[in-house]
Amino acid sequence: MENKNFKAKVGLEIHQQLNVGRKLFCDCPIMEYDEAEHRILRYLRPTQSELGEVDPAVMFEFRKNKANIYIYNSRASCLVECDEEPPHPINMDAVKAAITVALALGSKIVEELHVMRKIVIDGSNTTGFQRTVLVALDGVLNADGIEVPVQTISVEEDAARLIEERDDAKVFSLDRLGVPLIEISLAPIEADPKTVEKVALALGRLLRLTGFAARGLGTIRQDINISIEGFPPCEVKGVQKLDLIPKVIEYEMMRQYHLYNIARLLKEKGLDSNSSVGEYVDVTNLFEETGSKVVRNALDNGKKVYGIRLIGFRGLFKMEPYPNVRLGLELAEMARAYGLGGIIHSDELPAYGISSEDVERVKAYLSVGESDAFILILANERDFDALSALRQRMLQFFEGPVPETRGPTGDGRTKYSRPRPGAARMYPETDIPLIRVSKELIEECRRFVPRPWNEVLKDYMQKYGLNEKLANQILDSAYLGLFERVCSTTRLSPTLVAVVLTEHLVNISREGLDISILDEKRLFELFQLLDSGQISKESVIDILRCMCKEGISASDCIRRLGLKPITEEELAKMVHDTVLSNRSLVESLRERSFGPLMGMLMEKVRGKADGGKVSRLLKEEIARLLQNT
Amino acid sequence: MDGYSGALKRLLEENNVRAGDVIKVITEEREYVGTVIPRYEYASQDFLTLKLLNGYNIGIRFDKILSIKLIEKHSPPSFKSTLLEFKSKNLPHAVIVSTGGTIASRVDYRTGGVRPALSASDLLSVVPELADIAKVDAEVLFSIYSENMTPSHWTVLARKVHDYVSKGYEGVVVTHGTDTMGYTAAALSFALKHTPIPIVLVGSQRSSDRPSSDASSNLISAMHTSIEAPFSGVYVLMHGWVSDERMEVHLGTKVRKLHTSRRDAFKSVNSKPAAIYENGRLHVILDDLPKRRPPSSFDIFPNFDERVALIKFYPNMDPEIFSYLHGKGCRGIVLEGFGLGHVSSRAIPVLKKIVRDGVFVFMTSQCIFGRVRLTVYDTGRDLLEAGVIPLEDMLPETAFVKLSWCLGNFGEDKVLDVMKANIAYEYSSRTILEEGECFGK
Ligand SMILES: [Zn+2]
């Protein structure tokens with residue numbers, strides 16, 4: 001199974017939060033605040049369409065029939081987010097942002113904008129729909145020499161933030177609901193995973209340069225459509241980190257390729273879905289005496305054991321041609337999405353306390369032959385829908401990859417989240433008047449169209465004396481504004497400031513510390529302390545660690561760490577004493593004694609004195625001693 | 001045609017295109033393929049609304065259009081409704097009388113049109129839970145916005161409800177737009193005497209085309225209440241809070257819309273709610289509600305006199321307005337005075353004159369909550385002396401409806417007595433201290 005020269009088709013859809021002061025359809029500020037003043041409980045019902053068709057994704061949510069609980073706080077939300085007041089007029093700054101991006105991408109701007117309601121009944125919108133407006137069509141993104149066609153540019157409201165998924169209800173915070181997003185859909189391109197990451201980076205940079213983009217983790221999300229040749233795409237929704245993009249694409253390619261191979265293998269064996277995949281059989285009574293705790297618990301909770309035979313499937317469920325790509329996993333994750341806990345396939349048995357006697361009994365009962373497999377599912381009778389969806393999926397093993405909506409797992413894998421929705425169900429948002437895009441409005445936006453990244457980069461390197469890598473990093477950073485402020489109000493070297501704001505923060509975040517607590521105010525204080533000589537640049541990273549761990553300010557960290565700076569005289573004396581007490585070392589190693597002595601000194605004064613100063617004093621002191629001897 | 005006019009209309013007609021058809025539009029910039037969507041009545045006329053294949057609507061400037069081409073004629077979707085399937089043969093008979101507010105609807109995602117579900121079978125296929133409660137009939141009595149309701153509509157509605165109950169229906173639910181539902185509830189409260197069952201008015205604050213609509217949960221709860229409640233009379237049922245948990249059942253004479261948009265806009269004023277419907281159970285709150293009665297005592301007084309006015313007093317109001325109303329043939333006026341029931345002293349001589357000329361003048365308060373009392377200050381005593389009758393804690397809207405009803409059904413000699421009598425719980429003799437604000441929880 002080679003996939004070296006295997007190319008996938010990948011379509012990117014970027015969702016970027018806009019930093020435009022207020023939400024899209026009300027005057028609430030954009031902030032994270034989920035302390036509950038009220039909890040509002042709601043149910044959503046699918047509105048029937050005129051034709052009575054059923055959207056698979058809509059039914060998937062409705063069958064779960066979960067309540068939605070919305071956490072409300074008046075600082076971050078008003079009646080509009082509660083769906084208790086009609087929307088206010090659209091935030092025109094968000095529209096301007098989209099027009100600006102459209103101009104930058106050479107897209108055709110829609111002359112009269114119509115706000116639409118897109119049906120979404122997973123609870124993430126209190127209304128049961130997402131308001132969205134198409135602002136422009138077409139255009140081309142130039143990413144490092146690759147030209148990617150743009151399909152659409154729209155502005156939409158962000159969804160409520162999922163806080164908790166309980167058995168009976170989903171809990172959302174309303175603070176994020178209504179935050180303006182720009183959505184840019186790129187046409188699918190045939191490219192290797194790394195190139196797709198570059199494309200996403202280029203688009204992200206364009207958005208940041210307009211000045212309209214919010215910065216920071218979670219403010220940009222990409223949906224990625226991935227398909228292998230001849231098969232419909234799977235959509236991976238909500239990839240937040242850029243460096244996950246190639247991993248997600250690679251995993252999806254391998255997963256889809258494995259499904260393709262399974263289908264081919266089954267065909268080679270001369271099998272077809274209908275005769276191979278059996279019907280569910282209630283095998284609960286075979287487990288009456290079982291020693292398996294998993295099964296026992298399920299039975300005690302009123303569940304039953306359903307068995308299903310799959311002819312010719314022996315070994316296929318555990319086959320793992322690539323890490324974490326297995327049919328068994330495929331089914332298990334789908335079962336979990338439907339709210340089913342236990343699903344066990346014969347390739348992994350005996351296990352979970354299910355003995356080989358148990359296995360033999362099931363095999364006999366279901367007439368499972370030597371080359372066949374079976375699956376056991378622990379479920380309630382009322383889980384009929386989930387069971388039939390799973391059987392449907394087994395039938396589809398004969399087709400290769402099937403379209404579905406998946407989510408990223410955080411480590412570069414993807415997993416099943418729900419069926420692919422049918423054609424978008426949209427109807428006009430009649431509470432919002434139509435918006436005419438005038439020539440004047442377009443001309444106003446033209447002023448915001450940014451220059452190309454390379455030009456901005458060059459200027460930045462020149463203005464601040466940064467190298468290319470640092471300049472790129474700081475321009476991509478959430479702290480760009482802070483960087484400029486620190487550089488213009490302190491005497492600190494821009495390179496130092498950039499290193500602290502990019503590399504230091506990346507390092508301590510890799511150590512597992514939560515850097516989200518480091519807001520601009522706290523970081524600015526740190527730079528002021530550094531500027532006034534109260535801390536040394538060597539101590540900055542320790543102070544940052546302490547700020548993250550303890551959640552306290554930089555000056556409190558200095559006290560906590562005992563980093564009170566040493567005065568000039570104290571330092572001089574310390575250097576002098578160190579040299580004297582290591583006299584024999586200096587005399588034998590002469591100038592080369594600088595290394596070990598510097599090490600000793602820095603051990604004592606790290607964070608309290610500037611390394612450059614120590615080195616200068618030490619050299620003088622060694623020279624003086626050597627002169628005198 | 002479909003909201004289009006002028007040159008754009010001609011262009012569509014020349015190409016045999018109507019709303020719903022799929023067309024290709026060629027402009028100076030690009031080609032678009034999509035469905036022609038009707039224009040709103042007040043939208044600018046120089047744009048064509050097209051629903052693109054991705055579902056979005058856009059407006060295309062007429063003067064940019066080079067040509068259009070019909071691709072596919074569209075025939076309106078045939079309305080499929082499921083057959084009525086009643087769970088049990090023993091279910092009670094009930095009826096939903098609709099007056100205009102769409103309590104259930106379908107969306108045609110192709111054109112974005114919202115179509116109300118009107119027949120019983122429509123209703124049941126959109127709100128199938130109803131079939132578990134009753135054998136439901138449905139009648140569309142009016143199709144008007146509730147702001148266009150008049151006293152003559154109240155008369156027709158009262159007669160209709162009387163008919164259904166007399167025929168033996170065990171549940172009667174009236175769907176109503178929320179703006180004037182309080183007035184209609186008061187009108188039915190007076191017009192229908194000794195109802196055997198509770199008549200429940202119900203509306204929705206979020207339109208039924210959205211998944212979050214309160215329409216179906218209100219309708220289902222209203223149907224349960226009308227069939228199962230131990231009391232009789234006329235009630236309004238709506239959400240009791242912004243969650244979909246607790247419904248409140250309000251006396252038809254004590255209820256007022258107190259919020260422009262919230263689901264729990266309706267509140268009982270100067271009274272607790274009559275009952276709460278929560279988790280499928282009805283909890284009766286008021287303990288002196290009328291019990292269910294035998295149909296034999298059911299009676300109807302369906303007439304309303306339209307020559308009645310409800311006037312809110314404001315600072316420096318020109319009292320000539322009262323002479324004007326009198327001159328136009330007005331037979332009765334309900335005043336919304338300040339505070340305990342006051343108006344500026346400048347108005348008193350005019351009021352005194354029209355009362356002497358035979359106009360009935362009553363006082364309520366624009367405070368909404370509380371009771372009027374004209375014996376505390378001089379102005380009040382002057383008003384009493386002028387012949388203005390205070391109406392205790394009656395809601396101004398209820399007083400207005402009651403006066404219209406009194407003049408419609410009784411001789412002038414009876415009006416004062418009937419107005420002062422407690423006919424349908426419009427008065428309460430005790431005002432109870434209630435904790436908290438009107439809104440919030
Ligand atoms: Zn708001």
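To find a chain, count down the sequence lines: A is the first, B the second, and so on, and within it residues start at 1.
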*Against chain B, label A:L41 side chain, backbone, both or neither, depending on which of its atoms sit under 4.5 Å from a heavy atom there.*
both
*asked:* Please check: side-chain N/O of A:Y427 versus main-chain N/O of B:D209, any donor-acceptor pairing under 3.5 Å?
replied: yes
*Is there a donor-acceptor contact under 3.5 Å linking the side chains of B:Y56 and A:T132?*
yes
*Side chain, backbone, both or neither: which part of A:T126 has a non-hydrogen atom closer than 4.5 Å to chain B?*
backbone
*Test salt bridge (Lys or Arg N to Asp or Glu O under 4.0 Å) applied to A:D431 and B:R210, step by step*: CA-CA 12 Å; A:D431 295 343; B:R210 49 171 84 203; 3.5 Å; yes
_A:Q151 side chain near B:N54 side chain, heavy-atom distance below 4.5 Å_ = no
*Drop me the distance from A:E85's CD to B:S261's OG, to the nearest 0.5 angstrom.*
5.0 Å
*Could you tell me which of B:E29, B:Q205, B:R30, B:K64 has the largest number of non-hydrogen atom pairs under 4.5 Å with chain A?*
B:R30
*What distance separates B:S212 OG from A:Y43 OH, expressed to the nearest 0.5 Å?*
15.0 Å
*Check each atom of A:L134 against the heavy atoms of chain B and say whether the ones under 4.5 Å are side chain, backbone, both or neither.*
both
*Determine yes or no for a side-chain-to-main-chain donor-acceptor pair under 3.5 angstrom, with A:R45 supplying the side chain and B:S213 the backbone.*
no
*asked:* Main chain of B:I58, side chain of A:E112: is a donor-acceptor contact present, judged purely on distance under 3.5 Å?
replied: no
*Okay, side chain of B:N57, backbone of A:H114: is any donor-acceptor separation there less than 3.5 Å?*
no
*Please look at A:I69 and chain B and tell me whether the side chain, the backbone, both or neither of the residue comes under 4.5 angstrom of a heavy atom of that chain.*
neither
